[in-house]
Amino acid sequence: MKRRIPLPRVEGQASRQAHADMPPGTYEREISKEGFFGPAAMFHHKHPPTGWVEFEGPLRPHAFDLGRLAGPQASPWQAAEVLRNANVRVRFWSTSGPMDHLVRNADGDDLLFVHAGSGELFCDYGRLDIEAGDYVMVPRGTMWRIDAREPVAMLMIEAVNSSYELPDKGLLGGHAIFDPAMLDTPRMDEAFVRQQTDDRRWQVRVKRHQAISTVTYPFNPLDAIGWHGDLSVVRINVRHIRPVVSHRYHLPPSAHTTFVGQRFVVCTFVPRPFETDPGALKVPFFHNNDDYDEVIFYHAGNFFSRDNIHPGMMTLHPCGFTHGPHPKALQNMLAQSKPATDEYAVMIDTRDALEITDAARAVEWAGYVDSWKG
Ligand SMILES: [Fe+2]
C-alpha cells in the first residue's frame, strides 16, 4: 500500500489557480509528475527559467532537420531511425513511386504520419488513399506497400512489442477530439481487386527484432477477397481533429493526446484559439515534465512558441531541465495579437529516456540550445 504525500500548500507570493493571475512581472514554471496528470507545483520566478548562458554535458535540448536525411529509400526498413528506446522507435522515411515489394513489421504496431506527398496504401485489409496530414495506424503483422503519387515523406512511430490504443477521454467523453467513427479503414474496392492481377513474384520483407527476412511468393499475396473482424488499419487526418480548449485556462499538452502506446503517448497540436481571459497565460507555461522525454515533429504552419523551426524539423527536450516558449513568443505571454494558433505538430512523450541515433546527430542544429537567448 502506498499513498501520495497529502498537499497542496501555498508558499510566499503565489496565485492559487495554475496558469492564471500570476504575480505581476513573474514567469510561471510547473514541475509536474505523470505527464501533467500527477502532483505538480507552480513557481513564480523573477527570470525566465530558460535564461541559461551555458549548457554543458550530454543533457540539452536538441533540434533535428529531418528533411536533410538521406533519401529517398525504396523500403521503409531502409529509413533512418532517429530516436528510440525499448518501447518506441521513430524513423523518417521518404519514398517515391510504387514499392516493388511488401513489408510487414513483426516487432509492433506502426503509426505512420504522412508529412508530405500522397498516394495509395495497399494492405491485407484493402486499399486506402493517403495524403499529407494523415495518421495511418498499421497493426503489427499487416502486409502493406505504398504507391506514391507524389513523393511521400512520413514519420513512422513503432510501438515496440505493443499496440496502439485511443486515450481515455475522461470527462470529455469518448467522442471528443475526434470521434472514433471518423476513423477510415481500407476498402476492397475495384483498384484493390485490380492490383491482384499483378501476379509477378512478390517479396514480403519482414522486420523482426530489427533484422529483415524476405519471404517470396510466386503470386501476389494481397489476394484476399474479403475479411471480417475488429482489427484493421485505420486512418484519420489532422484536419479532423477538434482540439480541446478553454478560453480561461491554458490546457497542458496532454489534453491533446490522440494515440497511446506502452510507456509513450502521441499528441497532436492543431490550430486553436488563444485564451482570451485577461489573466490567463496565452503561451505554453515553462515546465519540467520530469517523468517524460518530449519530442515534437513540426508538420505545417507557424510554430508560435518556437523561433527558427520549420516544417520537417523535430525537437527533443529530455527530462531534467525546464523548457518553454522562446523569447519572441514570451512577449505575448498575456496578450496575443492573433486570435488563434496556426500550427500542426505531432508530439511523442516517452516515459523512458530516448537514444539519439547517429543519423539524427548528422542533421542536428547545434545552436538550438542557444535559441532562447533572445
Ligand atoms: Fe514540454
Side-chain angles (χ1 to χ4, degrees), residues 18-19 22 27-43 45 48-52 55 59-64 82-83 85 88 90 155 157 167 243-246 249-261 263-270 272 274-275 280-299 301-309 313-330 332-333 341 343-354 356 360 364-365 368-372:
H19 322 320
M22 287 75 72
Y27 300 94
E28 185 199 46
R29 174 175 63 120
E30 174 170 344
I31 291 190
S32 178
K33 300 286 288 173
E34 309 290 340
F36 306 104
F37 284 99
M42 267 51 74
F43 297 85
H45 287 283
T50 48
W52 51 69
F55 221 118
L59 176 70
R60 61 183 54 228
H62 297 274
F64 311 100
V82 286
L83 297 170
N85 68 20
V88 61
V90 181
L155 205 59
I157 311 164
V244 179
V245 292
S246 161
Y249 176 73
H250 188 91
L251 293 170
S254 39
H256 307 293
T257 306
T258 37
F259 299 95
V260 181
R263 296 182 73 77
F264 74 97
V265 296
V266 177
C267 309
T268 310
F269 298 121
V270 298
R272 57 176 173 74
F274 281 114
E275 298 75 6
L281 199 60
K282 278 90 184 170
V283 291
F285 40 88
F286 292 104
H287 56 278
N288 292 47
N289 180 14
D290 276 336
D291 286 331
Y292 284 84
D293 274 12
E294 298 183 355
V295 177
I296 298 183
F297 175 74
Y298 300 88
H299 168 56
N302 171 33
F303 308 108
F304 80 105
S305 69
R306 300 254 177 276
D307 296 338
N308 301 312
I309 293 289
M313 291 185 81
M314 176 179 268
T315 57
L316 164 63
H317 296 164
C319 74
F321 64 90
T322 303
H323 58 262
H326 275 109
K328 232 190 271 171
L330 199 55
N332 300 329
M333 183 169 85
T341 69
E343 64 175 8
Y344 289 91
V346 175
M347 183 168 92
I348 308 165
D349 277 11
T350 69
R351 196 64 196 230
D352 305 294
L354 284 161
I356 301 167
E364 180 162 5
W365 168 32
Y368 183 57
V369 66
D370 296 321
S371 62
W372 280 268

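Numbering of ligands and ligand atoms starts at 1, following listing order.
- No other N/O/S atom of H287 lies as close to the Fe ion (ligand 1) as NE2 does.
- Taking 2.8 Å as the threshold, H317 does not count as a candidate ligand of the Fe ion (ligand 1), since none of its N, O or S atoms lies below it.
- Remark: R29 is not positioned above the aromatic ring of F286, lacking an NZ or CZ atom under 6.0 angstrom from the ring centre and at most 45 degrees off the axis.
- Not counting sequence neighbours, Y292 has no partner by the ring pair (Phe, Tyr, Trp, His ring centres under 6.0 Å) test.
- E294 contributes atom OE1 as its closest N/O/S atom to the Fe ion (ligand 1).
- H323 pairs by the ring pair (Phe, Tyr, Trp, His ring centres under 6.0 Å) definition with H287, H317, not counting sequence neighbours.
- Between the side chain of D291 and the backbone N or O of E34, at least one donor-acceptor pair lies under 3.5 Å.
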